[in-house]
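I have placed the structure first, in the form of structure tokens, so that the comments after it can refer back to it.
Chain naming here is simple, since letters A, B, ... match the order of the sequence lines and numbering starts at 1 in each.
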Amino acid sequence: MGKPGDLTGEQWQAVEHFSGPLLVLAGPGSGKTRVITRRIARLVERGVDPRNILAITFTNKAAKEMAERVSRLMPGSRVWVSTFHRFCASQLRRYAELVGLQSNFTILDQSDQTSFLKQVMSELEQDLGRFSPGLIASKIGRAKNRLLTPEDLRPAVEDNYGDPLEAATAKVYALYQKELLRANSVDFDDLLLHMAVLLREHEEIRERLDYRFEYVLVDEFQDTNIAQYEIVRAFSVLNPNLCATGDPDQSIYGWRGAEIENILRFERDFPGTQQVRLEMNFRSTQSILHAADHLIVHNTYRKHKQLLTNNGLGKPVQYWEFEDADAEAEGLARFMVEEVEAGRRAWSDFAILYRVNSLSRRLERACVRYRIPHQIASGVAFYERAEIKDLLAYLRLINNPHDIAAFRRIVNTPVRGIGKQTQNKIMRWSAVEGIDLLEACTQANRITGLGKKAMFSAQLFARMMSEFALSDTGSVEGLLRKVIEKTRYTYGWDNTHASEDDVHRLSNVNELIASAAAYDHSVDGESSLEGFLEESTLVADLDNLDPLSGKVSLLTLHSAKGLEFPVVMIVGLEQNLLPHERSLRENNRREVEEERRLLFVGITRAKSELILTRAFRRDLRGKPETSIPSMFLPELALGQSETPPVAGTPLSNTSSDEAIERHKLKLREQLAALTANKKPLLMTGASLMNGSKEAVAFPTNFAVGMRVRHPQQGYGQVTEMGTGIGSRRTVTVQFESGVSETYVAQKSALQPVGIG
DNA sequence: AATTGTGTAGTTTTT
DNA sequence: CTACACAATT
């Protein structure tokens, strides 16, 4: 078969590779995803059953994109595309008992994990005060990523001269793990650890899965840790058709246990590996790649690799300096408005990247001020809010009555007279008797030392919980509504003296109900509690980003990996921020190199324009600090910036003020025209600018602050956009009548009537 | 047991 | 600046 014209020789080589181990070293923008999806299609073409192909990614977003591209090439094909964590969760549900769990186990998210760990540490009643739970948590996580059990750490405990931190870690780890099993719960790292242990200890299961997953493809291989490596290796014994793709220069998860060495190990562990290098970059201009190249050669711990492109020189990389963070945000906002106003760019062409989430606040505020449609891949995460966590904890406890973390969270929320002491007694009773927590509550009369009132409250709680079952309503939405009603969780939040916070909380609750309804809908009568719960804990902030939203994207450098934008702006090119101060502490070369790779990743996201900024003064934890230019700046070998960095703003005030006014006016006029036409859908700002008709097809583009009309409720204002995407995206509207409602955007009868 | 107030320390990146 | 721990009060 001849090489198709749309592939380079190397790409074709990778696509055509049939059996045996394959390592694809793919530089940024080298068409890696395209190669993987094409190869999958090619495998099927050669007669491989799609059910025997497993493609693993790190993020939901990447999985979703890959699945879409595969189904575009082969409509209706059954290739399994999943993230490591989701894949492991689904396998563990099947083989739970073999690792000491039940199939309805709870997956604890980061914050649940921390509070669980704190509890365990306090139970140890030892002088662990010197070590923060966060530190211990990261040590335990590291151990799990390396497949080390508490026993493996034991030597450190027994050695009196050993590091006290190591000793403490080993001790806490042992109890933590024991308690997790008792709570029928796992943390994120356990999903990988349990899976790896399962495969290691049960050869017959390993063989079965190895046989089933004849072809395994792993994306972003440089980010795998030992646990992940062992899992995919276990699937590649019988048929060593493992295909790993990655780029050592884009390894940015060392702090999470990722081992670049896995790429080097690969060729050793899989003899006869064919290696393909994709070095041709189809994404960026020469100017951008020039900067990326000059930066990355400063890493000593690296194999040489040149970035080649046939693209043009393009605009020079810009470096702008501002007085402070506000001026920086303002300057970028004005720049974007000017570009869009001049018809050179659409909003969705822009992305603003930053090292830490805390920098997003000001950037977002500037976007709101300039009425720039934008989306953020984080902010105050919806699923982190107390009211959401509480309600999910009810569902968790219903689903898994051993869930200690959920029990502690809601047994006395809303307050029902079951305080700390009572809780501890109940938990101890359940441990001693070997029964679940709700059963222990039912038996409260048998617990010694429990007051009459406490006993009564506990039994009442148990009785209430026993009335909750998914089978009643068949839908998660129905069950959730029942929980809210019976617990009176939202009591008083909607009456006349409800505070602003109450109203806000209520709208969050409504959004959760809407997302439960969307879940019920998406699984079409196959609702399961753990399905919904898994969905809510394994979603990432990144999943908020909708590439078709027609908005500016705000995201961290980490979450930008794998994405691309025509114009990329990276803020805060300052020492202690990028590189982050933690990497500079002990002059840790490896960590500084990871920071450099992080900037490399950010730079190589840009297709045609790259703008780097720095603020002379920046507020760090409340106090203003004078900044030092990033050590990476001179390494980039930048030329002169086109627009000299004028203090305060890189643009002339008058021209951009006019541009902004024109921008607002135009938006108003076109929105007015749109609503006059009775078109029920809102167009994106970008499509309004272009006058493009197609954009009418995207119905979910409401924005916070927008005025809307509902046939029943009348006029109102959008107060919040949900976290879902597509049919799961929700809108919360505060109506003039005082009512606040949440809708699934695609299905609602809401009509936009103006902005602000 | 629960609420309120006061002080303190701690702050990267994500599944 | 804010989330959290702890203390004092009802």
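A residue-by-residue look at A/Arg355 and A/Gly419 shows that A/Gly419 has its nearest nucleotide of DNA chain B further toward the 5' end. Residues A/Arg416 and A/Leu538 both approach DNA chain B. Their nearest nucleotides, taken by heavy-atom distance, put A/Arg416 toward the 5′ side.
One finds the CD1 atom of A/Ile611 at 5.5 Å from the CE atom of A/Met569 (value rounded to the nearest 0.5 Å).
Phosphate contact (OP1/OP2 of B/dA2, side-chain N/O of A/Asn412, threshold under 4.0 Å): present. Here A/Asn357 reaches the OP1 or OP2 of B/dT14: one of its side-chain N or O atoms lies under 4.0 Å away. Taking 4.0 angstrom as the limit, A/Thr537 places none of its side-chain polar atoms (N or O) nearer than this to OP1 or OP2 of B/dT15. A close approach under 4.0 Å does not occur between any side-chain nitrogen or oxygen of A/Asn60 and OP1 or OP2 of B/dT15. OP1 or OP2 of B/dT14 has at least one side-chain nitrogen or oxygen of A/Ser559 nearer than 4.0 Å. At B/dT11, none of the side-chain N or O atoms of A/Ser358 fall inside 4.0 Å of OP1 or OP2 (strictly under the cut-off).
When the C1' atom of B/dT15 is taken as reference, atom OH of A/Tyr253 falls 9 Å away, rounded to whole Å. Counting to the nearest Å, the C1' atom of B/dT11 and the CG atom of A/Leu135 are 14 Å from each other. Between the CG atom of A/Leu620 and the P atom of B/dT12 there is a distance of 12 Å, given to the nearest Å. Protein atom CD1 of A/Ile252 is 13 Å distant from nucleotide atom C1' of B/dT15, rounded to whole Å. Between A/Asp187 atom CG and B/dT14 atom C1' there is a gap of 14 Å when expressed in whole angstrom units. A/Phe84 has its CZ atom 19 Å from the P atom of B/dT14, to the nearest Å. We find that CD of A/Glu625 is positioned 13 Å from C1' of B/dT11, with the value rounded to whole Å. Taking atom CG on A/Leu598 and atom P on B/dT13, their separation rounds to 11 Å, with Å as the unit.
Among the protein residues, A/Phe58 comes within range of the sugar-phosphate backbone only, with heavy atoms under 4.0 Å from sugar or phosphate atoms but none that close to a base. Heavy atoms of A/Asp619 sit nowhere under 4.0 angstrom from any nucleic acid atom. Among the atoms of the strands shown, only primed sugar atoms or phosphate atoms (P, OP1, OP2) are found under 4.0 Å from some heavy atom of A/Gln421. Using a 4.0 Å heavy-atom cutoff across all strands shown, A/Thr422 reaches sugar-phosphate atoms only and no base atom.
When the nucleotides B/dT12, B/dT15, B/dT14 are ranked by their closest atom to the side chain of A/Val356, B/dT12 comes out on top. For A/Arg582, whose side chain is taken as the heavy atoms from C-beta onward, the closest listed nucleotide among B/dT15, B/dA1, B/dT12 is B/dT12.
More than 12 heavy atoms of other residues, nucleotides or ligands shown are found within 6.0 angstrom of CZ on A/Arg585.
Taking atom C1' in both C/dA5 and B/dT12, one finds a spacing of 24 Å when rounded to whole Å.
Between the side chains of A/Thr245 and A/Asp219, at least one donor N or O lies within less than 3.5 Å of an accepting N or O. The closest side-chain donor-acceptor pair between A/Ser627 and A/Arg614 falls under 3.5 angstrom. A/Asn588 and A/Arg582 share no donor-acceptor pair across their side chains, judged by distance under 3.5 Å alone.
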For nucleotides 4-8 of chain C, print each protein N/O atom paired with a nucleotide N/O atom at under 3.5 Å, atom names and distance only.
{"residue": "C/dA5", "atom": "OP1", "partner": "A/Lys118", "partner atom": "NZ", "Å": "3.4"}

Protein-nucleic acid N or O pairs under 3.5 Å, nucleotides 3-10 of chain B:
none

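The base of B/dT13 has none of its N or O atoms less than 3.5 Å from a complementary donor or acceptor on the side chain of A/Arg256.
Remark: A/Arg256 qualifies as a cation-pi partner of A/Tyr253 under the 6.0 Å distance and 45° angle criteria applied to the six-membered ring.
Stacking between A/His558 and B/dT14 is absent: the ring centroid is not both under 5.5 Å from the six-membered base ring centre and under 30° in plane angle. Applying the 5.5 angstrom centroid cut-off and the 30 degree plane-angle cut-off, the aromatic ring of A/Trp255 is stacked upon the base of B/dT13.
Residues A/Gln250 and A/Gln222 approach most closely at O-NE2, 3.6 Å, considering heavy atoms.
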Steps toward side chain to side chain contact (heavy atoms under 4.5 Å, CB included) verdict (A/Gln375, A/Ser553): CA-CA 5 Å; A/Gln375 51 182 347; A/Ser553 297; 3.3 Å; yes
Assess whether ring pair (Phe, Tyr, Trp, His ring centres under 6.0 Å) is satisfied between A/His298 and A/Phe632, documenting all intermediate values. CA-CA 9 Å; A/His298 286 84; A/Phe632 298 146; 8.9 Å; no
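Side-chain contact between A/Asp324 and A/Phe616: absent, with no pair of heavy atoms (C-beta onward) separated by less than 4.5 Å.
Ring centers of A/Phe213 and A/Phe87: under 6.0 Å apart, within the cut-off.
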